[in-house]
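Structure first, then comments.
Since we're looking at a predicted model, the values are computed, not measured. Worth knowing before you read on, the calculation uses all heavy atoms, side chains too, and leaves out hydrogens, waters and symmetry mates.
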Amino acid sequence: MFPNGNVSLRTVSSSRPQLFRTESQQSAAASDDYYSLSSRTTATRSASGGSRATVVRYATPSSHPISRSSSAVSRTFLAPPLAIPRAEQNPDIPAEQRDTFVTNIDSTTQSDEKRDAHLSTAFDGTGGGAARDSYAGREPTPGVDDSPYIRFAISQLTREGEDGNPRRASESGSESTPTGHLLWDGSLGHFVRTATPPTQQQQPPPERSPQDSVDPEAFVPVHDPPEGNLIYPPLDFVPVALRPWALGMVILCVLLMVAGIAFSNVWSQNHRGIWGYNGRSGARYFVVQFLPQILGIIITIVTFVVQAAVYRVMPFAIMGSERPLDKVLQGLPIVPKNFLLPDLSHFIHGEPLVGFSLFTIWLSNIGAVPLLGCFYQVKWAVMDGEGGWRWAAVQAVGWTLIALYGLLAIGLTILMLRFLRTWSGLMWDPVCLADLITFIQRSNVIPDFDDSETEPNVGKTLKPRVLRLGYWQLSKGRNPEIFYGIGEVGATVGNPSLHLVAKNRREHLSKVSFDAEKHGAVGKDGSRDIYSPAVRYRWAPWFLRKPCVVAWTVIACGLFVALVVVSFVNNGVEDGFLPRLSTRPSSSAFSSSNFLFSFIPALIGNLLFLAWQHIDVYFRALQPYVMLSSPEGISAEQSLLLAYPSLLPFEVTVTAILNRHYKVAWISFMSVVSSALPILAGGVFIALTYPGNEIRVAPLMPAFYAIVVFCALYMASFWTIWPGRYRYLPHGISTLAEQTSFFYQSPLLSDKLLREPRSKTDLVTRLVVAPPGDQEYPKYGFGIYVGRDGREHLGIDRYSRPGRSDMLITTGSMK
């Protein structure tokens, strides 16, 4: 309190903030999070802890009569906030009122002589010596009211008057709440306070709840952003695999396959076969017994690439088209699942045409390659009065294949029309975690995700919303700023405040967290806790859980041993075996034994090939989280920017080797190499006549040896899929909602460095270059961090931030 009660400074604080003086070189134009990257920021440490202080910001009017003094006063700043665990917070107090402090300044009109004397005394008592010196020896100016200058100096001391201060923008709910309205300033990335008329400053503001502390501002869609402006690129991006020319080439390949099968059927029917049989060696045997499967596998792998692109963009494309679907965020998968079993989720979520296209892809992939393995068989035919064995096309198999590939061509055509001249809502291909930040930075659905990172089923905790992806404006904004992201039309801003001050300091966070991890502690109320290993390491895909991996390994080893024993003991395979079925081919070249011993082995091999795709897809998708779980953090190139699910076959392998992700490299390599199983199995067996007119089914031994080798590789690869601690998460990552739950309170969303990139190159550049004033590249992690609401959360953030404890990553604390 100043002497004589002329100018008073009252502080109501639950955390007793301390005032420090330090030199700062930062500008008020930069937000806290923009410079939070820097570890070189000039800062001090409080007496009770070792936290680094936040960046100092100051702004001094160049034409102000006391600019010299205010510059010195503005160097005073508050010690940084530290978070407290959720278990120690009072649930009865609203989040916006917890851990905050407010400051009120009252002043009355005084004579010029008394005001200067009291101000000098006050600054002597609070460390404002610079302000005192600037006033020393200065005579009051007759007829000039110095109260605005005094109020400005005091506001610099208390940080009360700074308009863009995010700390002040987050405070609410007391009689000392500053007057004025809060509005979102997109250029600064936080709320700012508008000017209040002098007549209103004399009246205390009415009591308001934290939810009403900011005037409601709704999201208004912008359908026609300025054209020709690089800041607002058109939202019509479509991945290369879904563009008309790319899908047209795939459709052409499918039609060529249909034409080849139809030609074989017709030619074989009219000419009693295709060409003469000349034994189990040579080019003819390779063409009729192995080449059809190779061509079929090529089409299958290409459709894998197409459907992967469909999965990752369809939720965005639906939101970009503004269709009235309310569960896109939590219902549509972004990880391909259309391998062993058909995925019907797109039928459920309003995309029947896309669902039909994916179903035709599944149908052709499950049945085409085994049928191609038994398409050509040997039959007896008479040509020019002479009989002989000839290769012929099996008519029934041929027309079935034409039907399968015809449906596939129709499905791909529908898919091409779906993405022809479409408004996808995308600026670029969303292939990595960093891309997700762009969509949810300013989303008004973020509050729905509160505490969702520890929920086993995120989708059930979210209420249905009809969402839109595109450009937006705020209904009550001071300027016509246009921004990009996912939002709900007409809903309020809803973004959490960027900074709240913790009520209690919590030093040595990692030590306390380690103890909680060690004892497997849960919340005091029995709820799920972010420190509990049972929560942190709860989820893995069912087929990658440890009991399942053990079962797969045992079964694979057992089957492989049985195959070797049956095949090589007493020459069980080399000498042939009785077919137990009729081998005489019909007029259409169908033979029961040849069909059975071609189709069944090829089908088994194809199922093994498709089953491995599930493993490959999840190892690709989980790798960023694996790297983020590194105890000391990891660079963006090795985590947030990893895009394995969108890479082509073999490209994944090469990229993973370069990144030293050897497990992903091997599993991806096997996802292609395992296609040799249906290729070889479909043409390895054939019925032959042995001496004594005995018919036996005999293999082509070189091909059979190759099958044994590939089976051995397949069996050994099960030893590499043991998930380990790093590949377990609190819940799945197959939907946008599940991945957003690990970001919703991350300071990365309000980081000035990542604010609203307008191209993928722009985003990558921001992540891979060192931040301003910092010579070290930032690292990122998946663990316990201090969120934008001042509480502890489990998810993804920068590993180290000045003024806060380092992220706690528990993968390194227990082995």
Do the side chain of Ser591 and the main chain of Pro585 share a donor and acceptor less than 3.5 angstrom apart?
no

Measure the shortest side-chain to side-chain distance between Ser424 and Val313 over non-hydrogen atoms and say whether it is less than 4.5 angstrom.
no

Checking Arg284 side chain against Tyr277 main chain: does a donor-acceptor pair fall under 3.5 Å?
no

Phe742 versus Leu433: any side-chain heavy-atom pair under 4.5 Å?
no

For the residue pair Ala589 and Ala393, what are the closest heavy atoms and their distance?
CB-O, 3.8 Å

According to side chain to side chain donor-acceptor pair (under 3.5 Å), does anything in residues 646-667 pair up with another residue at least two apart or in another chain? List the pairs.
Gln638-Asn659, Gln638-His661, Tyr644-Asn659, Tyr644-His661, Trp666-Ser717

My understanding is that only residues two or more places apart in sequence, or in another chain, count here; which of them pass ring-ring contact (aromatic ring centres under 6.0 Å, His included) with Phe595?
Phe590, Phe599

State the OG1-CD1 distance between Thr303 and Ile298, to the nearest 0.5 angstrom.
12.0 Å

Check side chain to side chain donor-acceptor pair (under 3.5 Å) between Arg727 and all other residues, then give those that pass, not counting sequence neighbours.
Gln623

So side chain to side chain donor-acceptor pair (under 3.5 Å) across residues 253-275, not counting sequence neighbours, yields Ser264-Tyr376

Distance-minimising heavy-atom pair for Gly279 and Tyr285:
O-CD1, 3.7 Å

In a table with atom names and distances, give each donor-acceptor pair under 3.5 Å that connects a side chain of residues 329-352 to protein atoms at least two apart or in another chain.
unit_1: Asn338; atom_1: OD1; unit_2: Asp343; atom_2: N; d: 3.0
unit_1: Asn338; atom_1: ND2; unit_2: Gln307; atom_2: OE1; d: 3.3
unit_1: Asn338; atom_1: ND2; unit_2: Leu358; atom_2: O; d: 2.7
unit_1: Asp343; atom_1: OD1; unit_2: Ser345; atom_2: N; d: 3.2
unit_1: Asp343; atom_1: OD1; unit_2: Ser345; atom_2: OG; d: 3.2
unit_1: Asp343; atom_1: OD2; unit_2: Tyr311; atom_2: OH; d: 2.6
unit_1: Asp343; atom_1: OD2; unit_2: Ser345; atom_2: OG; d: 3.1
unit_1: Glu351; atom_1: OE1; unit_2: Arg418; atom_2: NE; d: 3.4
unit_1: Glu351; atom_1: OE2; unit_2: Arg323; atom_2: NH1; d: 2.9
unit_1: Glu351; atom_1: OE2; unit_2: Arg418; atom_2: NH2; d: 3.3

Validation: residues 689-708 side-chain donor-acceptor distances under 3.5 Å, sequence neighbours left out:
unit_1: Glu694; atom_1: OE1; unit_2: Arg696; atom_2: NE; d: 3.4
unit_1: Arg696; atom_1: NH1; unit_2: Asp575; atom_2: O; d: 3.1

Is a side-chain donor or acceptor of Gln289 paired with a backbone partner of Gly682 at a separation under 3.5 angstrom?
no

Side chain to side chain donor-acceptor pair (under 3.5 Å) filter on Trp428, not counting sequence neighbours, yields Asp435

Just so I know, are the side chains of Pro649 and Val305 near enough to count as touching, which here means a heavy-atom distance under 4.5 Å?
yes

Donor-acceptor pair, distance only, cut-off 3.5 Å: does the side chain of Gln293 make one with the backbone of Val369?
no

Any Pro239 side-chain heavy atom under 4.5 Å of Arg312 side chain
yes

Atom CZ of Arg584: over 12 foreign heavy atoms under 6.0 Å
no

Decide if the gap between the ring center of Trp612 and the ring center of Phe718 is smaller than 6.0 angstrom.
yes

Tell me, do Thr360 and Ile410 make a side-chain contact under 4.5 Å, heavy atoms counted?
no

Is the number of heavy atoms from other residues, nucleotides or ligands within 6.0 Å of CH2 (Trp722) greater than 12?
yes

Phe685: ring-ring contact (aromatic ring centres under 6.0 Å, His included) partners, not counting sequence neighbours:
Phe577

For Val287 and Pro292, work out which heavy atoms get closest and say how close.
O-CD, 3.0 Å

Look at the side chain of Asn594 and the backbone N and O of Ala687, then say whether any donor-acceptor pair between them is shorter than 3.5 Å.
yes

Taking all non-hydrogen atoms of both residues, which atom of Leu544 and which atom of Phe619 are closest, and how far apart?
CD1-CE1, 3.7 Å

What residue pairs, at least two apart or across chains, pass salt bridge (charged side-chain N to carboxylate O under 4.0 Å, His left out) with a residue in residues 605-628?
Asp616-Arg620

State, to 0.1 Å, how close Met715 and Cys557 come at their nearest heavy-atom pair, and which atoms those are.
SD-SG, 3.3 Å

May I ask you to test the Pro601-Val684 pair for a side-chain heavy-atom distance under 4.5 Å?
no

Quick one: side chain to side chain donor-acceptor pair (under 3.5 Å) partners of Ser586, sequence neighbours excluded?
Ser588

Can you name the nearest heavy-atom pair linking Lys546 to Pro723, along with the distance?
CG-CG, 4.3 Å

Atom NZ of Lys327 with >12 non-hydrogen neighbours under 6.0 angstrom:
no

Ile366 and Leu607, any side-chain heavy atoms less than 4.5 Å apart
yes

With sequence neighbours left out, the residues meeting ring-ring contact (aromatic ring centres under 6.0 Å, His included) with Phe419 are none

The criterion is ring-ring contact (aromatic ring centres under 6.0 Å, His included); which residues satisfy it with Tyr618, sequence neighbours excluded?
Phe543

